[in-house]
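All values below were derived from every heavy atom in this structure, side-chain atoms included, with hydrogens, water molecules and symmetry-related copies excluded.
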Amino acid sequence: MARNKLSVPEISARREISKNLKHYARGLTQRQLADKTGIPASTLFGYFAMRSTPNAGMLEKIADALGVQKSDIDPRYKTTVSSSMAKTSDDHYIGERNDPIHYYPYLDAGVSCGAPALVDSYTNNDLQRIQLSDAVMGKYAGDKDILVIHANGESMNRIFPSGALLAVKRTSNPSNGDIVVFSVDNEEFSCKRYYKNDKAKIVSFQPDSDDSSFEPYVYRYEDASNVTIFGKVVVYTVVL
């Protein structure tokens with residue numbers, strides 16, 4: 001049975017709630033917090049693990065137990081309304097308002113996830129699905145080869161922050177400068193800029209980060225047989 005479809009704002013909210021719960025509940029185990037709130041431990045675990053979203057009543061109990069406001073845990077309760085914008089891979093902002101939508105498979109790549117899971121996810125009907133407006137997706141609206149994941153880490157922070165949602169179109173033949181998702185030896189996958197130099201017979205995957213500790217991956221053609229490119233990032237969204 002397919003999982004419930006989640007919207008982009010709902011996924012972002014669950015991630016933010018989980019992060020804030022971990023921050024404000026420091027020093028408490030989840031069992032201790034469950035005892036303080038009267039919320040079943042299994043229900044509370046779902047909030048921490050981003051499997052469910054607390055309603056206003058549950059949120060009130062948690063906030064009271066932690067001595068904070070509801071909006072400190074779920075920012076949607078703030079009086080100011082946050083806005084959502086998106087960028088295409090060529091840096092154009094697009095508003096997301098009352099546009100036709102399509103649903104896309106979503107893989108939570110923020111957790112430890114091996115490359116085989118990414119391959120399987122393109123055809124896995126049991127994945128969560130999220131909605132993105134056609135205005136956001138542009139020419140990729142409704143594309144069946146799109147998978148949505150989220151960035152995890154700072155190696156591409158000049159382009160998008162950690163946590164940004166990435167629409168990845170499956171391809172094994174990217175162009176120079178494309179931002180690609182790839183793996184080495186079918187282990188955990190990475191996101192970098194792709195460059196191929198036929199003269200030097202090398203292929204490289206370059207970070208685009210303010211952090212100089214990130215280094216490129218460089219392979220000679222004869223050593224690149226263990227490198228698998230899954231797709232290129234065609235759209236990314238940033239929640240402000």
Side-chain angles (χ1 to χ4, degrees), residues 1-86 96 101 103-114 117-118 121 124-132 147-157 160-166 188-189 191 210-211 236-240:
M1 180 177 173
R3 295 183 183 178
N4 293 334
K5 297 175 180 178
L6 297 178
S7 66
V8 171
E10 183 68 14
I11 289 173
S12 298
R14 287 187 182 185
R15 186 172 296 117
E16 192 69 19
I17 290 167
S18 174
K19 181 184 75 173
N20 292 335
L21 282 173
K22 292 171 185 175
H23 173 74
Y24 288 111
R26 286 177 182 172
L28 291 174
T29 66
Q30 291 183 28
R31 171 63 65 181
Q32 288 171 331
L33 184 57
D35 291 341
K36 289 187 69 173
T37 59
I39 298 173
S42 58
T43 300
L44 199 60
F45 175 78
Y47 304 152
F48 277 85
M50 301 186 294
R51 293 179 182 172
S52 56
T53 308
N55 59 28
M58 293 293 194
L59 200 60
E60 189 72 46
K61 291 180 180 180
I62 296 170
D64 287 346
L66 296 176
V68 298
Q69 301 295 318
K70 286 192 296 184
S71 59
D72 292 326
I73 300 172
D74 187 341
R76 294 178 297 180
Y77 283 84
K78 290 180 180 178
T79 54
T80 55
V81 179
S82 62
S83 61
S84 175
M85 297 186 73
E96 186 177 3
I101 62 171
Y103 286 91
Y104 303 89
Y106 169 73
L107 177 67
D108 187 354
V111 298
S112 179
C113 182
L118 185 63
S121 67
N124 187 344
N125 292 326
D126 291 330
L127 280 178
Q128 292 181 347
R129 302 180 72 80
I130 66 171
Q131 61 182 24
L132 291 172
L147 171 71
V148 179
I149 61 175
H150 71 264
N152 183 25
E154 302 295 334
S155 68
M156 296 296 293
N157 66 15
F160 43 73
S162 181
L165 287 174
L166 311 178
E188 290 189 4
F189 54 89
C191 186
D210 293 328
D211 186 344
Y236 60 93
T237 68
V238 181
V239 178
L240 302 179

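Nearest approach of Ala34 to Pro40, heavy atoms of both residues: CB-C, 4.5 Å. In this structure, Ser155 and Cys191 approach most closely via the heavy-atom pair OG-O, 3.8 Å. Between Tyr106 and Leu165, the shortest heavy-atom distance links the atoms CE1-CD2, 3.8 Å. Closest heavy-atom contact between Lys70 and Ala56: CD-O, 4.0 Å. Across every non-hydrogen atom of Leu59 and Pro54, the tightest pair is CD1-CG, 3.9 Å. Among all heavy-atom pairs drawn from Pro161 and Ala151, the shortest one is O-CB, 3.7 Å.
Interatomic distance, Arg26 CZ to Leu21 CG, rounded to the nearest 0.5 Å: 12.5 Å. Distance check: Ser12 OG to Ile130 CD1 gives 8.5 Å after rounding to the nearest 0.5 Å. Summarising the geometry, atom CD1 belonging to Ile73 is positioned 9.5 Å from atom CD belonging to Glu60; distances are rounded to the nearest 0.5 Å. The structure places CG of Asn152 at 5.5 Å from NE2 of His150, a figure rounded to the nearest 0.5 Å. In this structure, the separation between OG1 on Thr37 and CG on Leu66 is 8.5 Å, given to the nearest 0.5 Å.
Judged purely by atom type and a 3.5 angstrom limit, Arg15 has no side-chain atom pairing as donor or acceptor with the backbone of Met50. A side-chain donor-acceptor contact under 3.5 Å links Lys36 to the backbone of Ala65. Under the 3.5 Å distance criterion, the side-chain polar atoms of Asp72 are left unmatched by any main-chain donor or acceptor of Val68. Checked by atom type and distance alone, the side chain of Asn157 pairs as donor or acceptor with a backbone atom of Asp210 at under 3.5 Å. Looking only at distances, no side-chain donor or acceptor of Glu16 sits under 3.5 Å from a matching main-chain atom of Ala13. Listed for the Thr43 side chain is no donor-acceptor partner under 3.5 Å among the backbone atoms of Ile39.
Residue Gln32 places its CD atom among more than 12 non-hydrogen atoms of other residues, nucleotides or ligands, all under 6.0 Å distant.
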Test Leu166 against Phe160 for side-chain contact (heavy atoms from CB on, under 4.5 Å), laying out the working first. CA-CA 9 Å; Leu166 311 178; Phe160 43 73; 3.9 Å; yes
Check the pair Tyr47, Ile62 against side-chain contact (heavy atoms from CB on, under 4.5 Å), reporting the backbone distance first and the verdict last. CA-CA 11 Å; Tyr47 304 152; Ile62 296 170; 3.9 Å; yes
Please determine whether side-chain contact (heavy atoms from CB on, under 4.5 Å) holds for the pair Thr29 and Leu33, giving the CA-CA distance in whole Å, both sets of side-chain angles, and the decisive distance to 0.1 Å. CA-CA 6 Å; Thr29 66; Leu33 184 57; over 6 Å; no
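Side-chain atoms of Arg51 and Phe45, non-hydrogen and from C-beta on, do get closer than 4.5 Å to each other. At least one side-chain heavy atom of Gln30 sits under 4.5 Å from a side-chain heavy atom of Phe48.
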